[in-house]
Amino acid sequence: LDAGITPRADRLIEYLHRLQDTHGALHADHLAALAEVLKLARAEVFEVATFYHHFDFVPAGAEAPPALTVRVCDSLGCAMAGGAELAASLASRLGADVRVQRVPCVGRCDSAPVAVVGQQPVLQADADKVAAVVTSGGRDEALPDAIRFDAYRAAGGYALWEAVRSGARDTESIVAALDHAGLRGLGGAGFPAARKWRTVAAQPAPRNMAVNIDEGEPGTFKDRHYLATDPHRFIEGMLIAARVVGIAGIWIYIRDEYPALRRLLAEELDRVRAEWPELPPIELRRGAGAYVCGEESAMIESIEGKRGMPRLRPPYVAEVGLFGRPTLEHNLETLWWVRDIVEKGGDWFAGFGRNGRKGLRSYSVSGRVAKPGVIVTDAGITLRQLVDEHCGGMLPGHELYGYFPGGASGGILPASLADVPLDFDTLAPHGCFIGSAAIVVFSQHDQARVLAENAMEFFAHESCGQCTPCRVGTAKAAELMKAPQWNAGLLTELGRTMMDASICGLGQAAPNPMQSVLRFFPHEVAAQQQEQSA
Ligand code: SF4
């Protein structure tokens, strides 16, 4: 614990990181000591230490894990690029001194397959590349070449913030511009941003703000892109939102998989605080490998130092959120757009869009396309247009067979529906949704059934375990989907129960890919049947 700073129970996860970074794992006696310092019951510390996937808890008398861990992504894009095979070959090649783990998406799907040695990502990884990094010890990833504070300011950045801060720009005109632009939350939920600002501003002070940079949805890497290129555009949007809504404290929650971005953000926030010392307190919080913490109330629990378990609603976080106060919760990208929309006007943003849709969207495109990456273009573009116009078409030898329009949770569409506009609401008739616009494209060399199984295993791994339909349902469905023959009736019934009775979006959306396979790729299930009877 830092000398001179009063230990705070809400910083429990930060302390656990500190212990693990120093000692390589979380040892039982250290946790007992931490509980005493924080004046928490031991159970409260142990339950948090054992909830998050990135913490290695070592019970008394047990052996600690090897000093170095290699994490190999096996989520959708990396699975298609041979992630599982890479993990298997590394396990036999690297020996017992290195631990090899298969892990869910690490947010670098445009460079699949990806392995992470210690904290150093290895892009387009193969066994030789990973072994070379292991031999060199796995250094920290270098800071990205982002626009830093001075350069951003010199190019006109923070002028809008200065105008808001000084009162030269009235706050209602800012909310009106967002409203006019039709800006919606870009973490997946799609709630209109202006309405959220007005709702939270109408609540009694003090009001808090929580920024979600957890992007754990397999296939999503847009927030990483924005932070690694132009972080101050987001920070300026955040400061403006805080001033307009009357925020007393800001917490930024960033996923553990982005250590270089965390360092970058910490440095740039220091610079911002030095420039405007009157800012409300801004705390940077480090996630610990739990997908469910992308859900707004689970993230709030995690910031408070608890297990990331979604809350029952109502009350909504806008009314009773972080530390019991009304909370404005936003994804990084929503705040990233604030400056442009206010400076250029709501009409500018709403002037983009195709096929009857309005605005701009950031599509994270990965899978079997020639040029994967973050594509910023019209809301309502179709998958076919996106791939042909922005991604250099399909990879040689690959033909479009299907795609995930919204990461693992958004369902799967076949190539015959590649001309549906991609936007909020447009995919609902097909049982899918766009969420955070993570587009994972697959070809005739892939099987939708196998990819849906991958997605269900992910949800089973990430379920927080709080409610039975999700905890038991995801595990049971993953088991049933591994069987040589799918039981379509049972899977449908199970999926319906999970959708109807799960507490949060994780359990409610988990059946989507499986149901898409039954609806759009029934020939794959029938082929299983034929193989069985042959
Ligand atoms: Fe937890 Fe799943 Fe229930 Fe959500 S649906 S609260 S992740 S068990």
Side-chain angles (χ1 to χ4, degrees), residues 13 44 47-55 75-76 103-105 185 187-191 210 212 214-220 253 255-257 287-317 320-322 327 329 331 406-411 431-433 435-436 438 452-481 491-516:
I13 293 168
E44 288 177 88
E47 72 180 11
V48 172
T50 52
F51 178 84
Y52 293 90
H53 298 305
H54 284 193
F55 289 140
S75 282
L76 301 170
V103 297
C105 189
F191 193 82
N212 186 344
D214 200 45
E215 64 175 2
E217 183 69 41
T220 313
Y253 191 88
R255 67 184 312 208
D256 196 27
E257 287 83 347
Y291 164 75
V292 70
C293 290
E295 197 276 346
E296 61 176 6
S297 66
M299 183 182 74
I300 281 171
E301 289 285 298
S302 189
I303 292 173
E304 292 181 357
K306 304 174 200 156
R307 292 176 292 174
M309 287 188 164
R311 294 178 181 173
L312 287 169
R313 275 149 290 183
Y316 296 97
V317 300
V320 181
L322 192 50
T327 300
E329 199 272 346
N331 169 252
S409 58
C432 293
F433 61 81
S436 54
E453 187 186 314
N454 178 302
M456 189 59 83
E457 280 184 341
F458 166 76
F459 292 122
H461 184 255
E462 297 299 326
S463 167
C464 83
Q466 184 176 196
C467 62
T468 308
C470 170
R471 183 186 66 249
V472 177
T474 51
K476 184 70 185 166
E479 188 188 314
L480 287 169
M481 291 165 79
L491 282 170
T492 303
E493 203 179 323
L494 187 56
R496 205 170 296 137
T497 306
M498 290 159 67
M499 283 178 150
D500 290 347
S502 295
I503 289 178
C504 85
L506 188 154
Q508 291 158 8
N512 282 344
M514 171 189 85
Q515 288 175 330
S516 297

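Counting convention: from 1, in listed order, for ligands and their atoms alike. Position 1 is the first residue of the sequence, and the numbers go up from there.
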Any side-chain donor near an acceptor of the partner, Thr220 and Ser436, under 3.5 Å: yes
Tell me, with the steps shown, if Asp214 and Met299 meet side-chain contact (heavy atoms from CB on, under 4.5 Å). CA-CA 9 Å; Asp214 200 45; Met299 183 182 74; 5.5 Å; no
Give a yes or no on whether the backbone of Arg307 and the side-chain of Glu47 come within a donor-acceptor separation of less than 3.5 Å. no
Any side-chain hydrogen bond (donor to acceptor under 3.5 Å, both in side chains) pairs touching residues 497-507, not counting sequence neighbours? none
Which pair of non-hydrogen atoms, one from Met481 and one from Met514, has the smallest distance, and what is that distance? CE-CB, 3.9 Å
Is it true that a side-chain atom of Asn512 and a backbone atom of Gly410 form a donor plus acceptor pair closer than 3.5 Å? no
Only protein N/O/S atoms count here: give how many lie under 2.8 Å from atom 4 (Fe) of ligand 1. 1
